[in-house]
Amino acid sequence: MSETTEKKATYNPKEVEDKYYALCEERGYFEIEGNKNIQEEGKDGKIKTFSIMMPPPNVTGSLHIGHALTFTLQDIITRYKRMDGFKTLWQPGTDHAGIATQNIVEKQLIAEGTTKEALGREKFLERAWLQKKTSGGNIVHQMRKLGVTPAWKRERFTMDEGLKEAVKEAFVSLFNEGQITQNTYMVNWCTHDGALSDIEVEHEEVNGKFYTMIYKFADGSGELEVATTRPETYFGDTAIMVHPDDTRYADIVGKEVLLPLTDRTIKVITDTHVDMEFGTGVVKVTPAHDQNDYAVGKRHDLEFIKVFDEKGILNDYCGEFAGLERLEARPVIVKALENAGYIVKIEEHVHQVGHCYRCKNIVEPFISTQWFLSEKIAENSIKETKKHNNFHPAHWINSYTAWMDELRPWCISRQLWWGHRIPVFTCDDCGHTWADKADEPDGCPKCASKKLTQDPDVLDTWFSSALWAMSPLGWGNNGKLPELYNDSDMEDFYPNSLLITGFDIMFFWVARMMMMGEHFNKGQLPFKDFYMHALVRDETGAKMSKSKGNVIDPLDMVEEHSADIIRFTLAYLAVQGRDIKLGAKNLDQFRNFTNKLYNATNYLQLNHSTFKDLNEIEVKTPLGLYMQSRLGLAVEKIRTAIESYKFDESAKTLYNFVWNEFCDWGIEYSKADRESIVELGAIFKETLKMVSPFMPFISDHLYHKLSGTTLEEGESLMVMNFPKAIQRDEEAEKLFAIIEESITALRRAKVVIDMGNSKIDKAYIKLDAPIDTEMAKPFIQKLAKVIEIEFVDEKVADSITDVSDNLEVYLPTGEIDMTPIITKLTRQKEKLEKEIQKLNGMLNNERFVANAPEAVIAENKQALEDAENKMAKVSTELDGFVS
RNA sequence: GACCGCAUAACUCAGUUGGUAGAGUGUUUCUAUGACAUGGAAAAAGUCAGCAGUUCGAGUCUGCUUGUGGUCACCA
């Protein structure tokens, strides 16, 4: 560190962030009534409300960059609405994450040399709860580091006492409506995690092999070549099929073939499912282990032979191979077939194979008995969704509805222990099956027997998540945990105002909340708006992954920079519909921005120790009026941007206002008018209120610094009003536009004579239209570094000129080289010629004049006039040199 | 294969009812002056992927092409 940087005071976020956060949380600012004193009524006379549900992260998980993005955006909008007088609920919670959590606990047990089976269900669940308790607080504490402000006092867990009730409420009701049924069906089966829904299977391209094997006719009349990628399943073949129109095989239809290495025979059948062009045109049919063959089996009433069990262990149908695991068995079986001469060839074959999204195991199509939720439940929600497209970005509705239109029954049962136990009971005596909200029903409703058996499975984790738009509002909670919600919550906060989430869980989560929300709330969809945020990638645009080692840990970033900087960076980069490339450079830009804010505060305080709020003073100075007007424009733009979820635009506008307007011009001007500084201080404090949702810590810190107060003894910006509309001052804006143009022109002219940064004695300005020159003079002199400005009506002799839109400036010259000036003027002339040509072309086009709106024509006429005037001046200037 | 994106200055990207292209970084030149060198000033830099169409007018709308990414569905 150099000497100079050591001397300079800079903002130290570490001294501020944790302390301020704890203070604000303690004071209950994050809760529904945290902003009670500024809550406002809406048009209907009721308090305005805003609600947003946090997508509950896995209780055992830890914070990653995607979380940082989604939570930051949610926090910005929540803070904005809170400051804007809304009664605001940002509902936090964590998800029990069935498979993920169960796998963690199972791994622990294995490490301890035991298994869940040895432990038993009850003890296992105790362990899982212990795991939840010990690691569950982790992620919510990490979230606090980001400075996010959900209503922590209402934090829920998807398996807490109240939400358990909600799940049972939903299940029992759907069961009784006949929407939930138990069926034996071919499902996606992970030999580790059990049944999976369709979207829990990830299809990935793998380099496999294509085995062509021989099936001999039972009558000894020859053989058939059949190709397969999964030779180990042939023990489950119950037919061979060919296309009915395939003349090559017409004579063998109905014949019997012998399965290799067994004594079982199967028939050759025909089915149009066969693609004659592919492979040999002969297909083995394994109805119990292939989706398509399952359908063929149903059509042809074939036998369904399972060749392995739930764990993938081959059974007696596989003869000598029984006891082997399905994947391990493949090479063994192929070897045996090869030895016996049944393999014709083995080719390389690239194909798609389904993998479990949790454990990456190869998923098998497998027949089993599961609970399904009918796709019909979604019908109304689909219709409603199509009526209004409230997706941001809008194109997501296409993917959404395309998927919804193809919806199939949702397999909701999981062969796990950790989760919501399926509330279905069967009477051991009379066999009656029913769904019950009671954990231990009194008895069978048919025969009153006390001997009951509950379904051993649990529900898909997404079943409880599907209720998330309403269950934390008390829906179906059956009076449990009443301290976590209010009776008016459903009325106040359903439908939720907004859902912010990643598109990767659109089908897992959004779709399910839509169907459940609509179903249980008289057709009312659960969200008014949807915001699908982007994916955060590394600097080069690559997806972050542990294996690539390019993961950016948001907590490291907070440690290295600050929560404020991370938040502002993410917001600034959050363009709708484009992924975010996050690199160190981005963070630097906004670190500099915090420094700018800090130094602007320093400057103000060099002149006055404290400042009042804008509404406590009357702005009178021309500069104050100008800056206030510019603030008004910024307020308007920032509000519009946030309300249309354009986080990037709102952040950018804020950044530009602070830096390019307030600091570069406002502060610089104020050096020529000390009177205005009290006003600028108030305007800056107002600006900090707009910074607050994005960078809550530094804004609060600087606000109190400028006010001469402390957060400890005062209120936070987060519960003060976000700036409201401010009347623009056209007069002041016009005036300062001319002042700014004069300064820029003078600076440009000074560069030409190599006086770029030096103070000069004298300069002249000729204005096209009059302004209050006495008022303008000090500003121009100060910022252009000219000791004396004189306003003139004619060109000044022996001077160089800069021609701009509304004025000309002249710098007196001695004996200097005029070449660079001539070059500059010539270039300017060429540009103007082009522009005039273009505008003339346009205005001479009869059709343009006939069709274009008047305003556009007038605008272009004016532009032409201006360009021609400027052209005349530039030409005159040039002629002066030539003569 | 179907659907949905993206292609704008050297780089990363804005550009919301069609009306003479913007920012940050980088580059060039000047600059240690009492907010800030994590700063200030000035400047250079774009046939908006290509082709065609609609229009008085297209980065913006339509179609096609090329490149690139994603989602879904797939042949045993």
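Chain naming here is simple, since letters A, B, ... match the order of the sequence lines and numbering starts at 1 in each. A quick note: this is a predicted structure, and the numbers were derived from the prediction, not measured.
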Problem set entry | side chain to side chain contact (heavy atoms under 4.5 Å, CB included) partner of A:Lys596, the single match among A:Phe662, A:Tyr655, A:Trp659 | A:Trp659

For this session: I would like to know whether A:Tyr645 and A:His392 meet ring-ring contact (aromatic ring centres under 6.0 Å, His included); could you show each step before the answer?
Result: CA-CA 8 Å; A:Tyr645 315 124; A:His392 303 266; 5.0 Å; yes

Problem set entry | N/O (side chain, A:His273) to phosphate O (OP1/OP2, B:A76) under 4.0 Å | no

Problem set entry | Pairing nucleotide - B:C11, Watson-Crick or G-U, each distance under 3.5 Å | B:G24

Exercise. Does A:His349 make a side-chain N or O approach to OP1 or OP2 of B:C75 shorter than 4.0 Å?
Worked result: no

Exercise. Is the shortest side-chain N/O distance from A:Lys581 to OP1 or OP2 of B:C13 below 4.0 Å?
Worked result: yes

For this session: Output yes when a side-chain donor or acceptor of A:Gln576 lies under 3.5 Å from a complementary backbone atom of A:Ala394, and no otherwise.
Result: no

For this session: Determine which nucleotide pairs with B:A2, using a 3.5 Å limit on both distances of a Watson-Crick or G-U wobble pair.
Result: B:U71

Distances for protein N/O vs nucleotides 66-72 of chain B N/O pairs under 3.5 angstrom?
none

For this session: Considering just the side-chain nitrogens and oxygens of A:Asn292, establish if one lies under 4.0 Å of OP1 or OP2 belonging to B:C75.
Result: yes

Exercise. Taking the six-membered ring of A:Phe647 as reference, does the NZ or CZ atom of A:Lys652 fall below 6.0 Å from its centre and within a 45° cone about the axis?
Worked result: no

For this session: Give the B/S/- string for nucleotides 20-32 of chain B, one per nucleotide from 5' to 3', where a protein heavy atom under 4.0 Å of the base yields B, of only the sugar-phosphate yields S, and otherwise -.
Result: B--SSS-----S-

For this session: Please state the C1' separation for the pair B:G53 and B:A41 - nearest whole angstrom.
Result: 47 Å

For this session: Decide yes or no, distance alone: a donor-acceptor N/O pair under 3.5 angstrom between the base of B:A41 and the side-chain of A:Glu668.
Result: no

Exercise. Can a donor-acceptor pair be found between the side chains of A:Asn592 and A:Asp588 at a distance below 3.5 Å?
Worked result: no

Distances under 3.5 Å between nitrogen or oxygen atoms of protein and nucleotides 6-9 of chain B:
from	atom 1	to	atom 2	distance (Å)
B:C6	O3'	A:Arg578	NH2	3.1
B:A7	OP1	A:Arg578	NH2	3.1

